[in-house]
There are 2 protein chains.
Amino acid sequence: MKTEKLHRLIWMSRPLMQAAEACVEAGLKGTGLTVRMRAVLEILHRYGEQTVPDIAARLEIKRQYVQIMCNETLASGFVEQRANPRHKRSPILALTGRGLDLIEKIISRELKLMEEVGENLSNEDISKALDVVLAVTDSLKKRAGEKI
Amino acid sequence: MKTEKLHRLIWMSRPLMQAAEACVEAGLKGTGLTVRMRAVLEILHRYGEQTVPDIAARLEIKRQYVQIMCNETLASGFVEQRANPRHKRSPILALTGRGLDLIEKIISRELKLMEEVGENLSNEDISKALDVVLAVTDSLKKRAGEKI
DNA sequence: TCAAAATGACAAGTATAATGTCAAAATGAA
DNA sequence: TTCATTTTGACATTATACTTGTCATTTTGA
């Protein structure tokens with residue numbers, strides 16, 4: 001029974017993710033941003049200006065794809081290149097004024113959504129759920145790594 | 001703070017899903033099955049023999065793609081077609097003996113993994129976590145639907 | 001100094017779908 | 001029974017979100 005619930009919890013990750021992504025996508029309508037452009041803006045907002053390989057490391061996806069995401073984002077004008085004193089070939093990406101305004105608006109809208117979603121849930125329950133999910137993810141990661 | 005934890009919980013869905021899928025994939029090595037073929041076998045095992053459109057409805061993905069999945073699975077010999085008295089054009093798919101053996105072996109292996117992963121977690125915690133995740137998913141689904 | 005690593009750019013491939021269309025078959029209402 | 005509608009399999013196209021591989025340049029670090 002414990003096992004069965006754990007199984008259900010784990011496989012709820014897909015519908016949960018899909019629902020969350022649908023919400024993000026819905027919140028992007030009219031902004032001119034795509035989901036992946038938003039991801040770039042969010043990283044720059046949360047962790048500060050940085051290079052493409054830095055962003056790739058944060059997102060844990062290959063730099064070649066992040067390069068594409070970042071090039072698109074650059075083209076949008078919400079992000080700009082700045083000279084990188086540490087590496088001539090790898091400019092630093094930074095939010096422009098418009099980019100900062102936009103991502104802050106988007107994030108605050110998303111946080112408001114979080115508040116609404118959490119309305120009927122206690123802090124304690126959310127906290128416990130997060131702990132469980134973290135532990136399960138960690139455990140699965142280890143076991144997948146072993147087997148492959 | 002509650003909001004922030006909820007945010008983290010929601011976005012753990014991606015790494016959780018990826019870790020779970022990696023485990024499933026690792027467990028399929030040497031069986032000749034792909035992840036999507038396994039999905040077909042699992043549905044047939046859990047809900048019994050049924051047609052392609054039925055499977056598509058269960059998986060909540062378009063029948064055209066499920067058709068491809070099923071055709072692959074048919075080619076593998078783990079599933080076979082049976083005449084459908086209710087619809088001449090739409091045969092019923094059923095597990096073959098080999099298919100049944102294989103999916104049962106895979107499921108039992110995966111359940112054992114569930115037990116290991118749940119070792120250090122209480123029934124109650126898992127139960128609560130599942131409730132929270134179900135509630136959050138439901139809430140997000142509603143809100144995404146409204147906005148789009 | 002020089003081999004190794006990092007980076008941007010580009011090409012190709014893979015997995016997981018959605019969408020559109022067609023023809024044959026099945027269904028259901030008049 | 002008929003006939004419009006729906007269902008189904010098959011096939012084609014497109015999209016998204018990646019990975020992998022390669023190349024030339026640049027940077028680094030021993």
Side-chain angles (χ1 to χ4, degrees), chain A residues 11 13-15 17-22 24-26 28-29 33-40 42-43 49-75 79-93 144 148, chain B residues 11 13-15 17-26 28-29 33-40 42-43 49-76 79-93 144 148:
Chain A
W11 294 110
S13 63
R14 175 187 287 267
M17 208 190 84
Q18 284 171 341
E21 285 183 347
V24 167
E25 215 176 326
L28 252 35
K29 268 212 307 191
L33 282 183
T34 62
V35 174
R36 56 208 210 189
M37 284 158 71
R38 178 201 160 284
V40 172
E42 198 195 4
I43 294 283
E49 54 181 39
Q50 56 197 291
T51 64
V52 169
D54 290 338
I55 296 172
R58 300 252 193 222
L59 292 173
E60 291 181 84
I61 49 187
K62 300 291 166 191
R63 69 182 178 82
Q64 288 94 329
Y65 184 57
V66 175
Q67 188 78 48
I68 291 168
M69 296 166 65
C70 289
N71 289 352
E72 277 176 16
T73 314
L74 269 167
V79 158
E80 64 187 7
Q81 292 183 328
R82 292 180 190 165
N84 182 357
R86 307 186 53 196
H87 202 303
K88 249 182 223 168
R89 283 202 66 185
S90 201
I92 287 171
L93 303 188
I148 290 174
Chain B
W11 293 110
S13 63
R14 175 186 286 269
M17 209 190 82
Q18 285 171 340
E21 286 183 347
C23 282
V24 167
E25 217 177 324
L28 252 36
K29 269 213 304 191
L33 282 182
T34 62
V35 174
R36 57 208 207 187
M37 285 158 69
R38 178 202 161 282
V40 172
E42 198 194 4
I43 294 283
E49 53 181 40
Q50 56 197 293
T51 64
V52 170
D54 291 338
I55 297 172
R58 301 252 192 222
L59 292 172
E60 291 180 86
I61 51 187
K62 299 292 168 190
R63 68 181 178 83
Q64 288 92 332
Y65 185 55
V66 175
Q67 188 78 48
I68 292 168
M69 294 167 64
C70 289
N71 289 350
E72 279 177 14
T73 314
L74 270 168
S76 74
V79 158
E80 63 187 7
Q81 291 182 328
R82 295 182 189 164
N84 183 357
R86 308 186 53 196
H87 203 303
K88 248 181 224 169
R89 285 202 64 186
S90 203
I92 287 171
L93 302 188
I148 288 173

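Below, read A as the first sequence line, B as the second, and so on, with proteins coming before strands; counting in each chain starts at 1. Treat the numbers as computed from the prediction; the structure is a model and nothing was measured.
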Report the distance from atom [atom1] of [X] to atom [atom2] of [N], rounded to the nearest whole Å.
X	N	atom1	atom2	answer
Leu28(B)	dA15(C)	CG	P	13 Å
Glu72(B)	dT14(C)	CD	P	13 Å
Arg89(B)	dT8(D)	CZ	P	10 Å
Asn84(B)	dA24(C)	CG	P	21 Å
Gln64(B)	dA18(C)	CD	P	9 Å
Ile68(B)	dA12(D)	CD1	P	11 Å
Ile61(B)	dA15(C)	CD1	P	15 Å
Met37(B)	dT16(C)	CE	P	12 Å

With rounding to the nearest 0.5 angstrom, report the [atom1] to [atom2] distance, [X] to [Y].
X	Y	atom1	atom2	value
Arg14(B)	Glu60(A)	CZ	CD	11.0 Å
Met37(A)	Met69(A)	CE	CE	10.5 Å
Asp54(A)	Arg63(A)	CG	CZ	12.5 Å

Legend entry - Given DNA chain C, 5'-ward residue of the pair Arg63(A) and Arg14(A), judged by closest heavy atom: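 Residue closer to the 5' terminus by nearest nucleotide: Arg63(A).
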Legend entry - Whichever of Glu60(B) and Thr51(A) has its nearest DNA chain C nucleotide further upstream toward 5': Thr51(A)
Legend entry - Over 12 foreign heavy atoms within 6.0 Å of CZ, Arg82(B): yes
Legend entry - Identified side-chain contact (heavy atoms from CB on, under 4.5 Å) partner of Val52(A) from the options Leu74(A), Ile68(A), Ile92(A), Val66(A): Val66(A)
Inset, instruction - Determine the contact category for Arg86(B): base if any of its heavy atoms lies under 4.0 Å from a base atom, sugar-phosphate if only primed atoms, P, OP1 or OP2 are that close, otherwise nothing. - result: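 Sugar-phosphate, backbone atoms only, no base.
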Legend entry - Complementary nucleotide for dA30(D) - Watson-Crick or wobble, under 3.5 Å: dT1(C)
Legend entry - Distance test, side-chain N/O of Asn71(B) to OP1/OP2 of dA10(D), below 4.0 Å: yes
Inset, instruction - Look at the side-chain N and O atoms of Ser90(A) and state whether any lies under 4.0 Å from the OP1 or OP2 oxygen of dG8(C). - result: yes
When you get a sec, tell me which of [options] is the closest nucleotide to the side chain of [X]?
X	options	value
Gln67(B)	dA10(D), dA9(C), dA18(C)	dA10(D)
His87(A)	dA10(D), dT16(C), dT7(C)	dT7(C)
Tyr65(B)	dT20(D), dA17(D), dA17(C)	dA17(C)

